[in-house]
Amino acid sequence: MDRSAIVENNLWRASSAERVNSHPLEQDISVDLAVIGGGYTGSSAALEAARRGASVALFEAETIGHGGSGRNVGLVNAGLWLPPDDVIATLGEGAGHRLIAELSEGPAKVFGLIEREGIDCEATRNGTLHLAHAPRGLTDLQNRATQGQRLGAPIQLLDRAETIRRTGSEAFHGALFDPRAGTVQPLAYCRGLARAAGQAGAQLFENTPVTALSRQPDHWQIAANGRTVRAKALLLATNGYHRDITSPFAPRCVPVHYSQFATAPLPAALRDKILPGGEGCWDTALVMSSIRIDKAGRLIVGGMGDSTGPYAPLHRSWGRRKLRRLFPELANIPFEHGWSGRIAMTGDHIPKVVAFGPSTYAIFGYSGRGISPGTVFGTTAAEALLDNRPDALPIPVLEGYSERFTAAKGAWYEFGASLFHGLPT
């Protein structure tokens, strides 16, 4: 399979039941809130603002969910990738506990929006499994379980036998089960948020890249598609797919690629054995991987690395070997889809909210946890901007933020993943 075929063979684009009615911007407009970026953050912000009665315009350079939201694994997790004690150590007691509490409710907010707006996105709230890839991984999970349970999280540490029963694989040494969590078809969820925002009155403009921002005395002026937009408030929600805008602010994160490979639908007998409960899974390995099942019974294997870049053959070969090692009975099941996306990684793995001017925020850096945090941050950003309440956001607002050597760090992550994927599995 050549690189162009992989780029165009995204399962989520092929299977999304949700569609968005949109068109490029064709005239000058004025709005209460302008949102740049049509991912989870931008779409949930547009939905919340429109439901509050504000005039809203959302601008997406490509199509809704084009970036990380349409390339996601689809795990609706509670919290961040970091264990709770690390979050508290970084943010402090008050801010750390608040962020943990807000994001612990993230899955409930996601599944609540899905139900309220009738989003057709294969929503399955059967929990997630954090899988111990080795004995040392089980030690890590035991520590996470202790920390989470101390804060009231209803998580359960599963032994090897129960993990084998739930996954259908003998490759894991145990798992941490979170019943709050689940899975969605990630692009359909994003499109559903945008569709609902449009139905609530938001204007949606796809294929409309924003090329310039400037602050005027009482509003933001935005150049998009050769037109001018006046906005009382502005949300920059481009995350890992930021482009064009360099002033007055541009998010700076380390780009980390993640690739996925989806099989043909499994035969019924195998479907009943492999992930029979439908939990979404990821493991404790340094070079992380994931497995999940979609509604049609396809098994989806994911791992760090860019399957469209120079090391693509290594990542694709690893995907086949990984599938065979986890589930030997699937050795001859073909992959029908393959795609890759970018994760926006911050140095401390905690999202950032930057107020780079009056009545504006840039939100970015979910470090691989986009669905629940993006929904929470986007929804609260709309409240914060419309009501002038920065305290509505789940994390303290910064006046600036920058990462150094982002390209070099991203290249190092890719090299490391490629080196690992070149080893025998």
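Note that the CG atom of Leu393 and the CZ atom of Arg98 stand 7.5 Å from one another [nearest 0.5 Å]. Rounding to the nearest 0.5 Å places CZ of Arg316 at 7.5 Å from CZ of Phe261. A distance of 11.0 Å separates CG of Leu131 from CG of Leu138, quoted to the nearest 0.5 Å. Here the CG-OG distance, from Leu80 to Ser367, works out to 8.0 Å after rounding to the nearest 0.5 Å.
No cation-pi contact links Arg71 to Tyr258, judged by a cut-off of 6.0 Å to the six-membered ring centre and 45° from its axis. Judged by the 6.0 Å and 45° rule, Arg320 forms a cation-pi pair with Phe335.
Residues Leu275 and Leu299 have side chains in contact (heavy-atom distance under 4.5 Å, counting atoms from C-beta outward). Contact of the Arg271 side chain with the Ile293 side chain is registered, since non-hydrogen atoms from C-beta on lie closer than 4.5 Å. Residues Gln203 and Leu58 have side chains not in contact (no heavy-atom distance under 4.5 Å, counting atoms from C-beta outward). Pro394 places a side-chain heavy atom less than 4.5 Å from the side chain of Val376.
Side-chain N/O atoms of Thr41 and Tyr366 include a donor and acceptor closer than 3.5 Å. Neither side chain, Asp244 nor Thr211, offers a donor N or O lying under 3.5 Å from an acceptor on the other.
Salt bridge absent: Arg125 and Glu115 never bring a charged side-chain N and a carboxylate O closer than 4.0 Å. The pair Arg136-Asp140 fails the salt-bridge criterion, with no side-chain N (NZ, NE, NH1 or NH2) lying under 4.0 Å from an Asp/Glu carboxylate O.
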- Could you go through the side-chain contact (heavy atoms from CB on, under 4.5 Å) check for Arg166 and Phe177 one step at a time? CA-CA 10 Å; Arg166 293 198 185 208; Phe177 173 63; 3.5 Å; yes
ask   = What do the steps show when you test Asn77 against Trp282 for side-chain contact (heavy atoms from CB on, under 4.5 Å), and what is the final call?
value = CA-CA 11 Å; Asn77 280 309; Trp282 76 106; 3.5 Å; yes
Run the side-chain hydrogen bond (donor to acceptor under 3.5 Å, both in side chains) test on Thr346 and Tyr401 for me, step by step, so that the C-alpha distance in whole Å, both residues' side-chain angles and the decisive distance to 0.1 Å come before the verdict. CA-CA 10 Å; Thr346 60; Tyr401 181 80; 4.8 Å; no
Original post:
What's the verdict on salt bridge (charged side-chain N to carboxylate O under 4.0 Å, His left out) for Lys352 and Glu403, showing C-alpha distance, side-chain angles and the deciding distance?
Top reply: CA-CA 11 Å; Lys352 307 302 172 191; Glu403 292 270 349; over 6 Å; no
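Summarising the local packing, CG of Leu419 is surrounded by more than 12 heavy atoms from other residues, nucleotides or ligands at distances under 6.0 Å. Within 6.0 Å of atom NZ in Lys409, more than 12 heavy atoms from other residues, nucleotides or ligands are found, so the atom counts as buried in its surroundings. No more than 12 heavy-atom neighbours from other residues, nucleotides or ligands sit within 6.0 angstrom of CG on Asn21.
Partner of Glu18 under the side-chain hydrogen bond (donor to acceptor under 3.5 Å, both in side chains) criterion, out of Arg195, Gln185, Arg191: Arg195 alone. No option in His133, His173, Arg144 other than His133 meets the side-chain contact (heavy atoms from CB on, under 4.5 Å) test with Thr284.
Using a distance-only test at 3.5 Å, with no hydrogens or angles considered, no donor-acceptor pair links the side chain of Glu336 to the main chain of Pro265. With Asn10 contributing its side chain and Gly70 its backbone, the two residues share a donor-acceptor pair below 3.5 Å.
For Glu206, the salt bridge (Lys or Arg N to Asp or Glu O under 4.0 Å) criterion is met by no residue, not counting sequence neighbours. Residues passing the side-chain contact (heavy atoms from CB on, under 4.5 Å) test with Phe249 are Leu236, Pro251, Val354, Phe356, Ala362, Phe364, sequence neighbours excluded.
Two rings, from His23 and Phe205, have their centers less than 6.0 Å apart.
Listed here is the closest heavy atom pair of Ala50 and Ala197: CB-O, 4.0 Å. Taking all atoms of both residues into account, the shortest heavy-atom contact from Arg321 to Gly422 is NH2-C, 4.4 Å. Here the shortest heavy-atom pairing between Ala17 and Ala188 reads N-CB, 4.4 Å.
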